[in-house]
Trainee: 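I'd like to ask some things about the structure below.
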Amino acid sequence: MNSIAALTRSDPLRAEQAVQDLSDLFRVSLQEASERVTLDDEISVAERYLRMEALRLGDRLSVAWDIERLPRKRWVPSLILQPLLENAIYHGIQPLPEGGTISVRLWFEAGQVNVEIDNPLPPDTQRYQGQGNKMALNNIRSRLAVLYGGRAELSTREGGGRYVTALRYPLSMETDEGVA
């Protein structure tokens with residue numbers, strides 16, 4: 001909200017876009033956690049969230065997307081990408097004075113949606129105390145277990161100054177136009 005307030009005089013059009021993005025994020029966050037959206041819509045929510053964070057972090061935040069080979073009209077669980085990106089920013093980009101690049105890769109393989117989010121990780125001395133309680137990761141794991149049982153997986157790994165979150169779950173055969 002402070003970023004939006006600061007923009008109202010210096011860049012009113014950007015402030016207006018930020019208010020619209022924030023409104024959309026609030027709307028999506030109030031939906032049922034079990035709701036499904038198209039992959040296109042899920043990516044759009046993530047992009048809106050990243051635009052909001054870019055207002056605060058400026059050039060310190062860079063995102064590299066690799067998402068071209070996806071069936072984007074298929075249904076997926078809502079609000080899976082945004083919390084993972086929020087973790088990448090909070091634990092990876094924000095504590096680094098120089099910021100960094102988050103790589104977001106999504107691909108479809110053998111009936112599964114695969115997601116990989118890779119972000120820089122600050123040295124131990126620059127990490128936030130407590131490092132969070134992994135609530136977002138546990139929430140996503142629980143939602144995937146309810147929706148897909150053992151056919152979905154969320155894992156994380158750390159190494160070489162990077163933190164990688166990997167996610168896979170079955171892709172619904174339904175599209176917004178019906179069954180594919």
Side-chain angles (χ1 to χ4, degrees), residues 20-54 61-94 101-121 128 130-159 162-180:
Q20 290 172 351
D21 287 344
L22 186 59
S23 171
D24 289 341
L25 288 172
F26 281 145
R27 179 184 46 77
V28 170
S29 70
L30 293 174
Q31 292 176 354
E32 291 261 340
S34 62
E35 280 198 42
R36 294 183 309 154
V37 296
T38 65
L39 189 52
D40 249 350
D41 289 340
E42 180 70 359
I43 291 168
S44 177
V45 166
E47 290 172 334
R48 284 186 167 104
Y49 170 73
L50 290 168
R51 277 197 305 263
M52 294 295 300
E53 287 291 4
L61 173 62
S62 175
V63 181
W65 291 90
D66 180 4
I67 58 174
E68 297 308 313
R69 302 174 310 270
L70 290 171
R72 291 176 154 218
K73 297 300 179 191
R74 297 288 176 87
W75 294 98
V76 299
S78 67
L79 284 179
I80 296 288
L81 286 177
Q82 185 276 330
L84 297 177
L85 291 167
E86 186 173 345
N87 276 354
I89 289 171
Y90 181 77
H91 296 289
I93 304 299
Q94 188 172 304
T101 298
I102 299 171
S103 297
V104 182
R105 184 172 168 240
L106 283 85
W107 71 98
F108 177 68
E109 183 179 335
Q112 300 273 325
V113 173
N114 295 275
V115 179
E116 189 173 271
I117 298 176
D118 179 317
N119 59 272
L121 199 56
Y128 292 127
Q131 284 297 290
N133 57 11
K134 308 232 186 261
M135 187 178 354
L137 295 175
N138 291 334
N139 181 319
I140 291 170
R141 278 190 186 100
S142 296
R143 289 177 54 211
L144 292 173
V146 167
L147 292 169
Y148 303 111
R151 298 176 299 145
E153 180 182 358
L154 173 64
S155 62
T156 60
R157 66 183 182 277
E158 183 180 327
R162 307 290 300 175
Y163 189 84
V164 179
T165 304
L167 168 66
R168 72 169 177 76
Y169 56 89
L171 180 66
S172 170
M173 293 307 292
E174 299 173 26
T175 69
D176 58 356
E177 289 100 25
V179 176

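Computed from a prediction, not measured in an experiment: that's the story for all the values here.
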Trainee: Would a 4.5 Å heavy-atom cut-off, applied to side chains only, mark S78 and R36 as touching?
Mentor: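 S78 does not reach R36 side chain to side chain.
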Trainee: Calculate, to the nearest 0.5 Å, the distance between atoms CG and CZ belonging to L154 and R143 respectively.
Mentor: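 Rounded to the nearest 0.5 Å, the CG-CZ separation comes out at 11.5 Å.
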Trainee: Does the pair F108 and L171 meet the rule for a side-chain contact (heavy atoms from CB on, under 4.5 Å), with working shown?
Mentor: CA-CA 8 Å; F108 177 68; L171 180 66; 3.2 Å; yes
Trainee: Can you tell me how far the CH2 atom of W107 sits from the CG atom of D66, to the nearest 0.5 Å?
Mentor: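 Taking CH2 in W107 and CG in D66, the distance rounds to 9.0 Å.
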Trainee: For a side-chain contact (heavy atoms from CB on, under 4.5 Å) check, start with the C-alpha distance between Y169 and V76, then their side-chain angles and the critical distance, and finish with the verdict.
Mentor: CA-CA 9 Å; Y169 56 89; V76 299; 3.6 Å; yes
Trainee: To the nearest 0.5 Å, what is the distance between OG1 on T101 and CG on N119?
Mentor: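 Answer rounded to 0.5 Å: 10.5 Å.
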Trainee: Run the side-chain contact (heavy atoms from CB on, under 4.5 Å) check on W65 and L50 step by step: do they pass?
Mentor: CA-CA 12 Å; W65 291 90; L50 290 168; 3.5 Å; yes
Trainee: With side-chain contact (heavy atoms from CB on, under 4.5 Å) as the test, would you mind laying out the steps for T38 and R72 before giving the verdict?
Mentor: CA-CA 7 Å; T38 65; R72 291 176 154 218; over 6 Å; no
Trainee: Is a donor on one side and an acceptor on the other found under 3.5 Å between the side chain of S142 and the backbone of N138?
Mentor: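 Checked: pair present.
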Trainee: With rounding to the nearest 0.5 angstrom, report the OG to CZ distance, S155 to R141.
Mentor: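 Rounded to the nearest 0.5 Å, the OG-CZ separation comes out at 7.5 Å.
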Trainee: Give me the atom names and distance for the closest heavy-atom approach of E42 to Q82.
Mentor: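 Minimum heavy-atom contact is OE2-N, 4.4 Å.
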Trainee: Please confirm whether the backbone N or O of N114 pairs with a side-chain atom of R105, one donor and one acceptor, at under 3.5 Å?
Mentor: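 Absent.
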Trainee: Do you know the tightest heavy-atom contact between I80 and L167?
Mentor: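 So the two residues come closest at CG2-CD2, 3.1 Å.
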Trainee: Distance from L85 atom CG to I89 atom CD1, nearest 0.5 Å?
Mentor: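 Going from CG on L85 over to CD1 on I89, the span is 6.5 Å.
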Trainee: Please determine which of I140, I102, L79 meets the side-chain contact (heavy atoms from CB on, under 4.5 Å) test together with L84.
Mentor: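 Result: among I140, I102, L79, I140 is the only option passing the side-chain contact (heavy atoms from CB on, under 4.5 Å) with L84.
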Trainee: So do L81 and V45 actually touch side chain to side chain, heavy atoms under 4.5 Å?
Mentor: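 V45 does not reach L81 side chain to side chain.
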Trainee: What distance separates N87 CG from L137 CG, expressed to the nearest 0.5 Å?
Mentor: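 CG of L137 is found 5.5 Å from CG of N87.
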Trainee: Mind listing the closest non-hydrogen atom pair of I117 and A88 along with its distance?
Mentor: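 Closest heavy-atom pair between I117 and A88: CG2-CB, 4.2 Å.
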Trainee: For R157 versus A166, what's the shortest heavy-atom pair and its separation?
Mentor: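 That would be NH1-CB, 4.5 Å.
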